[in-house]
Protein chains: 2
Amino acid sequence: MKRSLEHIEYKEDTEALAKFAKALAHPTRIAILKYLENQSCCFTGDLVDVLPISQSTVSQHLKELKNAGLIQGELKPPKIKYCINQDNWKTAKTLFQQFFD
Amino acid sequence: MKRSLEHIEYKEDTEALAKFAKALAHPTRIAILKYLENQSCCFTGDLVDVLPISQSTVSQHLKELKNAGLIQGELKPPKIKYCINQDNWKTAKTLFQQFFD
DNA sequence: AAAACCTATCGTATATTTGCGATAAACATT
DNA sequence: AATGTTTATCGCAAATATACGATAGGTTTT
């Protein structure tokens, strides 16, 4: 490939902010998070009902938000309850605030 | 293709926020904007000196930031002076603030 | 006019993202 | 044990993003 073989490193805060921004870089994920902010928590199925995309795609977006640390899932068999991860949410909020002055 | 033929629509604010987030979704672009925040303005060459990537790649990232409306270029022959677009910056700031409560 | 300088764009290669249907996995209920 | 419910994952296809070198298009300087 033509891309650099070694991963380019930036400052920790820069990388962290970019990572959070990436998690927010799709309207579906924004919609999910807005929904979670209102409901505080919800099940995957609730989102599937609300969003205009398939269940598997919703699940994939949830996975990304989970990987970014913005949400967390709790087993409530047979469902899974998703909530915002308040700690990381606060971290993201702070990073964006600092960034925008 | 397997993806939906029609573009899925979300609320205007949701789309706008996702678009700004996408522009911020790469550490290089965060680094560029941070640099611009300090300097208020700079030339492309300044960024090429500072960043660990090639000139063409820097230019590409600048283009994306310009497309997102976060920066603007002004011809200062033979250079181009880039500054933050204060209006859109404020819009983005507000959107993120509202989003994070 | 020629040379030098600065930046954007083109062409290319690769990686990642997005989306779907199908299927699997986990658990509860019957 | 069999069935139903719910969600994650797999496999695939297409679009988008990332990166580079080479080149083109301006402008200034010589």
Visitor: Mind calculating the distance between NZ (B:Lys19) and C1' (D:dT16) to the nearest angstrom?
Guide: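 Rounding to the nearest Å, NZ of B:Lys19 and C1' of D:dT16 are 16 Å apart.
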
Visitor: Should we say atom NZ of A:Lys19 is surrounded by more than 12 heavy atoms from elsewhere, each under 6.0 Å from it?
Guide: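 Open: at most 12 neighbouring heavy atoms sit under 6.0 Å from NZ of A:Lys19.
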
Visitor: Please check if the side chain of A:Thr57 supplies one atom and the backbone of A:Ile53 the other of a donor-acceptor pair under 3.5 Å.
Guide: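 Such a contact is absent between A:Thr57 side chain and A:Ile53 backbone.
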
Visitor: Could you tell me how far apart B:Ile71 (CD1) and C:dA8 (C1') are, to the nearest whole angstrom?
Guide: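 Distance, rounded to whole Å: 13 Å.
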
Visitor: Would you mind reading off the distance between A:Glu74 atom CD and D:dA8 atom P, rounded to a whole angstrom?
Guide: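 Rounded to the whole Å, the gap is 14 Å.
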
Visitor: Can you classify the ring geometry of A:Phe96 versus B:Phe96 as parallel (below 30°), tilted (30 to 60°) or perpendicular (above 60°)?
Guide: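 Rings of A:Phe96 and B:Phe96: parallel, under 30°.
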
Visitor: Determine yes or no for a side-chain-to-main-chain donor-acceptor pair under 3.5 angstrom, with B:Arg29 supplying the side chain and B:Glu64 the backbone.
Guide: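 No, B:Arg29 side chain to B:Glu64 backbone: no donor-acceptor pair under 3.5 Å.
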
Visitor: A quick test of your reading: do over 12 heavy atoms of other residues, nucleotides or ligands sit less than 6.0 Å from CD of A:Glu12?
Guide: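 Counting neighbours around CD of A:Glu12, 12 or fewer heavy atoms of other residues, nucleotides or ligands fall under 6.0 Å, so no.
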
Visitor: Heavy atoms under 4.0 Å is the rule here; annotate nucleotides 22-30 of chain D 5' to 3' with B where the base is hit, S where only the sugar-phosphate is, and - elsewhere.
Guide: B----SS--

Visitor: Could you tell me the separation between the CD atom of B:Glu64 and the P atom of D:dA19, rounded to a whole number of Å?
Guide: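 B:Glu64 atom CD is separated from D:dA19 atom P by 10 Å.
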
Visitor: Do any side-chain nitrogens or oxygens of B:His61 fall under 4.0 Å of OP1 or OP2 in D:dA17?
Guide: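 It does not, given that no N or O in the side chain of B:His61 lies less than 4.0 Å from OP1 or OP2 of D:dA17.
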
Visitor: Send over the distance from A:Tyr82 OH to D:dT6 P, rounded to a whole Å.
Guide: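 These atoms are roughly 15 Å apart.
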
Visitor: Out of D:dC20, C:dT18, D:dA8, which nucleotide sits closest to the side chain of B:Thr57?
Guide: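 Among the listed nucleotides, the one closest to the side chain of B:Thr57 is D:dC20.
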
Visitor: Classify the side-chain pair B:Tyr10/A:Thr28 by whether it contains a donor and acceptor separated by less than 3.5 Å.
Guide: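 A:Thr28 and B:Tyr10 do have a side-chain donor-acceptor pair below 3.5 Å.
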
Visitor: Can you check the B:Leu65 CG to C:dT7 P distance for me, whole Å?
Guide: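 My rounded result for the distance is 16 Å.
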
Visitor: Among D:dA19, D:dT7, C:dC20, which nucleotide sits nearest the side chain of A:Lys79?
Guide: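 Comparing D:dA19, D:dT7, C:dC20 against the side chain of A:Lys79, the answer is D:dT7.
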
Visitor: Counting side-chain heavy atoms from CB outward, which of D:dA19, C:dA8, C:dG19 is closest to B:His26?
Guide: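 Side chain of B:His26 sits closest to D:dA19.
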
Visitor: From D:dT18, D:dT7, C:dA8, pick the nucleotide closest to the side chain of B:Thr44?
Guide: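 Out of D:dT18, D:dT7, C:dA8, the nucleotide with an atom closest to B:Thr44's side chain is C:dA8.
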
Visitor: Any idea which of C:dT18, D:dA8, D:dA17 is nearest the A:Gln60 side chain?
Guide: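 For A:Gln60, the side-chain atoms sit closest to C:dT18.
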
Visitor: What nucleotide among D:dT7, C:dC20, C:dT9 has an atom nearest to a side-chain atom of B:Lys63?
Guide: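 Of the candidates, C:dT9 comes closest.
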
Visitor: A:Lys22 or B:Lys81: which one's nearest nucleotide on DNA chain C is closer to the 5' end?
Guide: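 The 5'-side residue here is B:Lys81.
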
Visitor: Report the distance from atom CD1 of A:Ile80 to atom P of C:dA26, rounded to the nearest whole Å.
Guide: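 Result: 11 Å.
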
Visitor: Measure CZ/A:Arg29 against C1'/C:dG19 and give the value in whole Å, please.
Guide: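 From A:Arg29 CZ to C:dG19 C1': 12 Å.
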
Visitor: Give a yes or no answer on whether the side chain of B:Ser59 reaches the backbone of B:Gln55 with a donor-acceptor pair at less than 3.5 Å.
Guide: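 Side chain of B:Ser59 to backbone of B:Gln55, a donor-acceptor pair under 3.5 Å: no, none is there.
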
